[in-house]
Each structure stands twice: as structure tokens, then as C-alpha cells.
K.L.:
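Have a look at this one before I ask anything.
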2 protein chains.
Amino acid sequence: MKSRIETDGYGRKKVIDACMEPCAIERGMRIIGGKWTGSLIYHLKDGPVRFNDLNRMLGGATKKMIDQRLKELEARGMVLRTVINDRPIAVTYELTELGRSAMDILEDLRLWSEKYDIR
Amino acid sequence: MKSRIETDGYGRKKVIDACMEPCAIERGMRIIGGKWTGSLIYHLKDGPVRFNDLNRMLGGATKKMIDQRLKELEARGMVLRTVINDRPIAVTYELTELGRSAMDILEDLRLWSEKYDIR
DNA sequence: TATTTCAGGTATACTATTTATACCTAAGGA
DNA sequence: TCCTTAGGTATAAATAGTATACCTGAAATA
């Protein structure tokens with residue numbers, strides 16, 4: 001975020017150093033701000049959860065969405081997928097250290113949302 | 001976020017109290033997690049900025065996106081639009097108190113993004 | 001025994017959001 | 001005169017998200 005602005009005598013401003021590609025905020029949001037991603041991470045905060053339980057916990061998200069988000073997070077090393085049993089298949093998802101590192105942001109977001117009654 | 005989980009002897013878990021509608025995290029994300037919204041707010045942190053300057057600062061977002069996001073944020077009372085001049089038209093956008101209240105979250109997100117080199 | 005349920009997903013079709021590109025009006029500068 | 005700037009809007013195409021149904025194998029229910 002290097003961009004600066006200078007103002008001339010007429011109140012006109014000039015951008016001195018625009019950020020030409022997604023800045024840190026934007027890059028972060030693309031990860032934890034994807035639809036359902038934040039909720040997903042947040043619901044994993046207390047330890048491993050199984051796929052269908054996540055699905056039930058996030059009323060409103062489809063299995064496809066959950067699946068896709070979990071795969072994204074796994075690919076980024078934020079979530080760990082473990083097959084705990086095949087036949088009957090059973091899988092759990094849990095946060096890695098990196099995944100857990102986002103919890104503070106999400107907790108702040110939750111508090112903010114509740115404080116200002118965001119709907 | 002009332003949902004709880006109970007585990008039986010086989011590692012199977014049951015959701016006791018699922019959140020059936022978007023929880024606080026999700027509701028918050030729908031506001032500041034929209035594409036470009038976080039960046040937009042963040043770039044307003046140092047005071048009023050004009051439309052085309054925002055457009056230049058957020059390399060990658062189109063005017064249409066910027067316009068739409070600013071209108072959303074204005075409608076939520078997070079941003080204030082002021083016409084400082086007509087003929088030649090000049091408009092500035094700035095954060096309200098509510099808009100400013102989201103800055104801590106965004107600042108944390110920025111630090112997180114940079115610390116873990118999120119791309 | 002037959003049907004339904006659950007696990008963890010995938011397939012298909014549809015809708016909504018985002019992007020790319022061009023354009024608008026009025027004023028000012030080269 | 002032509003080009004640029006301001007603050008947007010219009011149109012079409014690409015991408016993302018949703019709703020719904022379905023798959024395999026095991027186990028519980030009728």
C-alpha cells in the first residue's frame with residue numbers, strides 16, 4: 001500500500017503511487033473473504049469437524065460450496081483433510097497453524113458485526 | 001454462533017444447534033468482504049478522496065465496481081459522498097465513524113496478509 | 001426383506017455477480 | 001480544433017454461486 005495523494009490548490013488530487021495490483025487487503029480478502037470461507041474457518045476453531053457436520057453448521061451454503069472452499073483452503077495449507085475411516089467413509093477437516101492464524105481477524109470481525117448489528 | 005457438536009464412540013459427530021442463517025462472521029464478510037470493498041475502505045483512511053483517484057488507486061477494479069461499492073457503503077452509512085463542486089463536477093468520498101470502525105479489522109488483515117505472504 | 005438413511009461427495013442447469021469495453025456531458029488546455 | 005479530465009452509465013461476456021438431483025456402500029428401520 002504505497003499509494004499517496006497530493007492535492008493542488010483547487011482540491012484536485014493526484015495519485016502519486018497507485019497500487020497497480022491487488023494490495024495486501026485485497027489479497028487477504030480473496031482468501032478469507034470468499035463467500036462462506038470465513039464461516040468455514042470459524043466453525044473449525046474447536047477442532048476437527050466432519051464434512052456433513054460443516055454442511056449442517058453453515059445453513060445456507062451448499063455441499064458444492066463447502067467442498068470447493070475446503071479444497072481451496074486445503075490447497076493453501078490452511079486446512080487439513082484426514083480420512084479417518086473408509087467403508088463407511090469418514091473424513092474430518094481441521095485448521096492448520098496457518099488456518100488458525102486467521103482466527104484473530106475473524107474474531108474481531110464477529111465482534112464488529114455484533115457490535116454494529118450488521119445485517 | 002450457538003452451534004455445538006457432540007461426538008459418539010466412533011468419532012461420529014452430531015451438530016446440536018446449527019446456525020441456520022448467516023452468522024456474524026458471514027454477515028460481516030458480506031459487507032467488508034465484498035470484492036474491492038475492503039480496499040476501498042482502506043484507501044479512504046487518510047481522508048476524503050475523489051472518485052477517479054479511488055479508481056486509479058485500486059488498479060484492477062472498474063469504475064462500475066467502484067461506483068457500486070461506494071453506493072453500497074454509502075447506503076450503509078459507512079461512507080459519505082460530498083459534491084464539492086458542480087460544473088466542473090467534483091465529488092469526494094470519505095469514511096463515517098461507522099466506516100472508520102472497520103479499520104482495525106482491515107489493518108489486521110493487511111498485517112496477516114503480509115506476514116504470511118498471501119498471494 | 002425392502003426401503004430409507006447416512007457418509008462424502010459429484011453432475012447439471014440456472015441465476016447473480018464481476019469484468020471488459022465503450023460511451024456520455026460539460027469544461028479546460030495544447 | 002482536438003484531446004483530456006471529471007464522474008459516472010450501458011452493454012455484453014466471463015466468472016462465481018445456487019438449487020436440485022444423484023452416486024456408492026454400509027447400516028438402521030419398517
Side-chain angles (χ1 to χ4, degrees), chain A residues 5-15 18 20-22 26 29-31 33-40 48-74 79-94, chain B residues 5-15 18 20-22 26 29-31 33-40 48-74 79-94:
Chain A
I5 296 166
E6 285 185 0
T7 312
D8 70 14
Y10 296 104
R12 263 171 252 180
K13 296 192 176 185
K14 282 204 162 151
V15 177
M20 283 316 287
E21 45 220 68
E26 200 53 40
M29 277 302 186
R30 302 265 168 102
I31 308 314
K35 217 163 182 180
W36 305 108
T37 309
S39 302
L40 211 39
V49 184
R50 292 174 62 164
F51 182 85
N52 278 320
D53 287 329
L54 281 171
N55 185 219
R56 279 187 283 266
M57 290 160 103
L58 275 70
T62 61
K63 285 178 166 191
K64 190 181 178 183
M65 226 352 64
I66 306 232
D67 181 57
Q68 196 176 116
R69 291 314 188 209
L70 284 171
K71 278 178 179 152
E72 279 172 29
L73 291 171
E74 204 196 349
V79 155
L80 182 68
R81 177 184 188 269
T82 312
V83 176
I84 55 172
N85 213 343
D86 28 279
R87 254 183 327 279
I89 184 143
V91 177
T92 61
Y93 291 89
E94 65 193 297
Chain B
I5 297 167
E6 286 186 358
T7 312
D8 71 12
Y10 297 103
R12 263 171 253 181
K13 295 190 177 189
K14 283 206 162 150
V15 176
M20 283 317 286
E21 45 220 67
E26 201 53 39
M29 276 303 185
R30 303 263 167 103
I31 308 314
K35 218 162 182 181
W36 303 110
T37 308
S39 302
L40 212 38
V49 183
R50 293 173 62 163
F51 182 85
N52 278 319
D53 287 329
L54 280 171
N55 184 221
R56 278 187 283 266
M57 289 159 103
L58 273 73
T62 60
K63 285 177 165 191
K64 190 179 178 183
M65 226 351 66
I66 306 229
D67 181 56
Q68 196 175 117
R69 291 312 187 211
L70 284 171
K71 277 177 180 151
E72 279 172 30
L73 290 170
E74 205 195 347
V79 155
L80 182 67
R81 178 185 188 268
T82 311
V83 176
I84 56 172
N85 214 343
D86 29 280
R87 255 184 327 281
I89 183 139
V91 177
T92 61
Y93 292 90
E94 66 193 297

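The sequence lines fix the lettering, A, B, ..., with proteins before strands; numbering per chain opens at 1.
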K.L.:
Once you round it to whole Å, what is the distance between C1' of dG9(C) and CD1 of Ile66(A)?
P.N.:
12 Å

K.L.:
Quick one: is dA7(C) close enough that its OP1 or OP2 comes under 4.0 Å of any side-chain N or O from Arg50(A)?
P.N.:
no

K.L.:
When you measure from the side chain of Pro88(B), which nucleotide among dG17(D), dT20(D), dA27(C) comes out closest?
P.N.:
dA27(C)

K.L.:
Would you say that Lys35(B) contacts Arg30(A) through its side chain, given a criterion of any heavy-atom pair below 4.5 Å between the two side chains?
P.N.:
yes

K.L.:
Would you please name every residue forming a side chain to side chain contact (heavy atoms under 4.5 Å, CB included) with Glu72(B), sequence neighbours left out?
P.N.:
Gln68(B), Arg69(B)

K.L.:
Given Leu40(A), which of Leu58(A), Val79(A), Val49(A) fulfils the side chain to side chain contact (heavy atoms under 4.5 Å, CB included) condition?
P.N.:
Leu58(A)

K.L.:
side-chain hydrogen bond (donor to acceptor under 3.5 Å, both in side chains) with Lys71(A): which residues, sequence neighbours excluded?
P.N.:
Asp67(A)

K.L.:
What is the separation between atom CH2 on Trp36(B) and atom C1' on dA20(C), rounded to the nearest whole Å?
P.N.:
13 Å

K.L.:
Tell me, please, which residues at least two apart from Thr82(A) pass side chain to side chain contact (heavy atoms under 4.5 Å, CB included).
P.N.:
Leu80(A), Ile84(A), Thr92(A), Glu94(A)

K.L.:
Taking only the side-chain heavy atoms of Met65(A) (C-beta and beyond), determine which of dT18(D), dT18(C), dT21(C) contains the nearest atom.
P.N.:
dT18(D)

K.L.:
Please give, in whole Å, the distance from dT18(C) C1' to Met29(A) CE?
P.N.:
17 Å

K.L.:
Return whichever of Arg87(B) or Ala61(B) has its heavy-atom-nearest nucleotide of DNA chain C closer to the 5' end.
P.N.:
Ala61(B)

K.L.:
Round to the nearest Å and state the distance from Asn85(B) atom CG to dG7(D) atom C1'.
P.N.:
13 Å

K.L.:
Whole angstroms only, please: what is the NZ-P distance between Lys35(B) and dT18(C)?
P.N.:
7 Å

K.L.:
Base, backbone or nothing for each nucleotide of nucleotides 8-14 of chain D, written B, S, -, heavy atoms under 4.0 angstrom, 5' to 3'?
P.N.:
BS-BB--

K.L.:
Please confirm whether the backbone N or O of Trp36(A) pairs with a side-chain atom of Glu26(B), one donor and one acceptor, at under 3.5 Å?
P.N.:
yes

K.L.:
How close or far is atom C1' of dT19(C) from atom CZ of Arg69(B), stated in whole angstroms?
P.N.:
12 Å

